[in-house]
Amino acid sequence: MMMHNIMLVEGNRLMLEQLSNIINNTENVKLVARYQDANEALGQGIVFTPSVILLDADHQDSIRVLEEFSRVFPNAAIICTGEKWHAESSSLYVNAGAKCFLVKPFSSDDLTEAIASFSNSTFNTTSKVITFFSPKGKSGKTTLIANLAMAIARRSNSTVGIIDADLQFGDMALFFNLTPKSTIVEAARDTDFLSPVSLNSYYVPLVKNVSVLCGTKEPSLIDRVSIPALESLINMSKNLFQYLLIDVPAGFNPTSIAAAEMSDITYIVSMLNGGYELQHIQRALEIFKCWPDYQKRVKTLLTRVEPCTITAQKQLADAIGYPVEGIIPNAFLEISDAVDDGHMALDLNPNSILSQRINFLAKKIIMNKQDDEDDF
Amino acid sequence: MNESQIDGAIITFFSTSSAVGKTLIGINMASELAREGYSVCLADFDLQFGDVKNYLQLNTDYSITTLCDTMKTNSSHPLTPLLATYTYNNISFQVIPAPQKLEEAYTLEPDSIIDVIKKLRSQYDYIIIDTTSMFSVLNLALLDISTIVTFLGIVDFIPTIKNMKIGNDTLNTLNYDANKIRLVLNRSDAKTRIDLQDVVRILGDNFYHILPNDFESARQSIATGIPLVLSDQKSDLTRALQSLVSKYTNKGYMSTYKDKSSSWISKFFG
Ligand SMILES: Nc1ncnc2c1ncn2[C@@H]1O[C@H](COP(=O)(O)OP(=O)(O)OP(=O)(O)O)[C@@H](O)[C@H]1O
Ligand SMILES: [Mg+2]
């Protein structure tokens, strides 16, 4: 295990003591220097060759000071500390050279987690957020999101987070056969004290590069996730994952609207059932059309399409009067077999049409993100 | 003061999974009750994506929005002229369609919807209510004013059963009279690997009624806009639907249909 030399810069005398104690009680780190005054740290700290700097960011001049530290300590990882995490200032910190942000006072676990996270260099600034909206329930969304997350992570070697915000009847935990210790309810409850790094521990890792923030266990808990808390969780999660896939409750409700508003792409997902599904999509599209850029941001996906052919896709697009981004075949048996057996509905036969369609969609999403990044 | 009024029964169809047949069965219950001569009003309170108008191929501009607006501006204005009417072969019932425009659905207040139902219930023998699959403010208020809640479920795979269990437990916490909630299983013999006995054990409750799976009849009914119980062809599903209705009108317990339906019911409860 690598030893990290920590330099602590903290303006508040009492906090300086408190944080020093925490650092001294944390494994694999060593407090090599501590300063109440940032200028002193800048002038003298270099002789202690810190590998990690914990820098107090609770003052107006914090960005300038941070830039100064980045210049003087190019080889150290800088962690900003503060009373509360703010989405707006977060990217400023990162641009000024910070690796991440911790809310004070942090625990030993938070600190260890933070150091581990930037050692893996997972902290990122460009994230693609995708909401999966469906007019009605039973759209095949959960299966789709789960498999898409795996496909994106595998193909692009990126990190993917899933938020199960289908607050009443989220099935993500069940699909993955997880018994999470913490869910979106706890994360929402703690949001004022969280920063992206500490939020990470509320996610359940699934496979390499894919993690889930699971849904509520009982419907009565839904009131405990407020919209501001959800928004804050989405913002923080953007710092943790390169792709963020959000499952929301069926129909238009505060949750689905908030998530869609914050997303780069919203997929309207519907399962063909021989009824009025296409009309429901049209009805939903009418609402999304109030966004001036809806054609870029809103796409449609249909599940249980048989036969699952390009011709079918074209016909569906004509019937809806809007492009259809992807079609997924009927895979009820494949999926329910897996789920009922307590396997993850994931290790599907890679040659199946289902896998092919999902991989195709993953490729589109990855390309779309790269295009956006090239625009800068 | 009004002279004492007799309130009709309110029967609400509810579930905690989508696509379990609330709309299809609600429509058939309304139709069968109308066929037997009762005055019936069918309300579509799946406000955003309601299917009642679609399944009945009903063309009308009236909707719950009209009723709520009328109640607000003049609460003594009669509401019945503002309802749509479905008629087939001289059998007819009234319908309250979901809002024309989705944005209306988003602004309707649960309280004013409840007021509409309270006012209408003195004018019909039965009010049948279709809902969405969630514990929303509106749905909870509808469950409260209902005489009977038909809680529908299907057994297809584990997540659906988990949701049925959560739904049933949550309904139980509402402390209604024991026989207010009726657990009804739809599409019973659909392809599944799950044992019904296990489901009953998980739920801790027996099914009050069981409806068989008949995808072709259901599809055809939706495609033609004619409820199963009003069409000429009688399938097992039609008979099971009629038998369910007979339980709600106290017309004897499925005595007339025993021959056919008992075979597959006894399979589960024998
Ligand atoms: N007993 C049955 N046998 C076969 N198919 C059925 C049966 N009951 C319903 N269906 C089919 O199931 C589908 C869903 O039915 P329906 O629309 O009535 O469900 P719902 O509970 O109202 O769904 P939602 O919550 O999405 O409004 C329809 O395509 C219908 O034809
Ligand atoms: Mg319905």
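This one's a predicted model, so the numbers in the text were calculated from it and none came from an experiment. In what follows, chains are A, B, ... by sequence order, proteins preceding strands, each numbered from 1.
- Here the shortest heavy-atom pairing between Ile257(A) and Tyr106(B) reads CD1-OH, 3.3 Å.
- Closest approach of Pro159(B) to Leu174(A), counting heavy atoms only: CA-CD2, 3.4 Å.
- No side-chain heavy atom of Met134(B) sits less than 4.5 Å from a side-chain heavy atom of Asp166(A).
- Among Asp169(B), Val20(B), Thr173(B), Asp46(B), the residue with the largest count of heavy-atom pairs under 4.5 Å with chain A is Asp46(B).
- Interface remark: Ile281(A) contributes no atoms to any contact with chain B (heavy atom separation under 4.5 Å).
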Derivation and outcome, side-chain contact (heavy atoms from CB on, under 4.5 Å), residues Asp156(B) and Lys138(A): CA-CA 12 Å; Asp156(B) 54 0; Lys138(A) 265 249 171 89; 3.3 Å; yes
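- A donor-acceptor pair under 3.5 Å is formed between the side chain of Gln168(A) and the backbone N or O of Phe135(B).
- Interface residue Thr16(B): backbone and side-chain heavy atoms are both found under 4.5 Å from chain A.
- Checked against side-chain contact (heavy atoms from CB on, under 4.5 Å), Asp51(B) has the following partners two or more places apart in sequence or in another chain: Lys136(A), Tyr276(A), His280(A), Thr23(B), Asn54(B), Tyr55(B).
- The environment of NZ in Lys289(A) is crowded: more than 12 heavy-atom neighbours from other residues, nucleotides or ligands sit within 6.0 Å.
- Other residues, nucleotides and ligands place no more than 12 heavy atoms under 6.0 Å from the CD1 atom of Ile353(A).
- Residues Phe252(A) and Leu47(B) are not in side-chain contact: their nearest non-hydrogen atoms beyond the backbone lie 4.5 Å or more apart.
- Of all heavy-atom pairs between Lys162(B) and Gly170(A), the closest is NZ-O, 3.1 Å.
- Nearest heavy-atom pair across Lys101(B) and Arg283(A) is C-NH2, 3.9 Å.
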Could you please spell out the steps behind the side-chain contact (heavy atoms from CB on, under 4.5 Å) verdict for Glu286(A) and Leu102(B)? CA-CA 9 Å; Glu286(A) 281 309 311; Leu102(B) 206 153; over 6 Å; no
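- The side-chain hydrogen bond (donor to acceptor under 3.5 Å, both in side chains) test applied to Thr65(B) returns Ser63(B), Glu104(B), not counting sequence neighbours.
- In this structure, chain B has heavy atoms under 4.5 Å from both the backbone and the side chain of Ala284(A).
- By the 6.0 Å contact criterion, CG on Asn59(B) is open, its count of non-hydrogen atoms from other residues, nucleotides or ligands being 12 or less.
- The shortest side-chain heavy-atom distance between Asp171(A) and Asn163(B) falls under the 4.5 Å cut-off.
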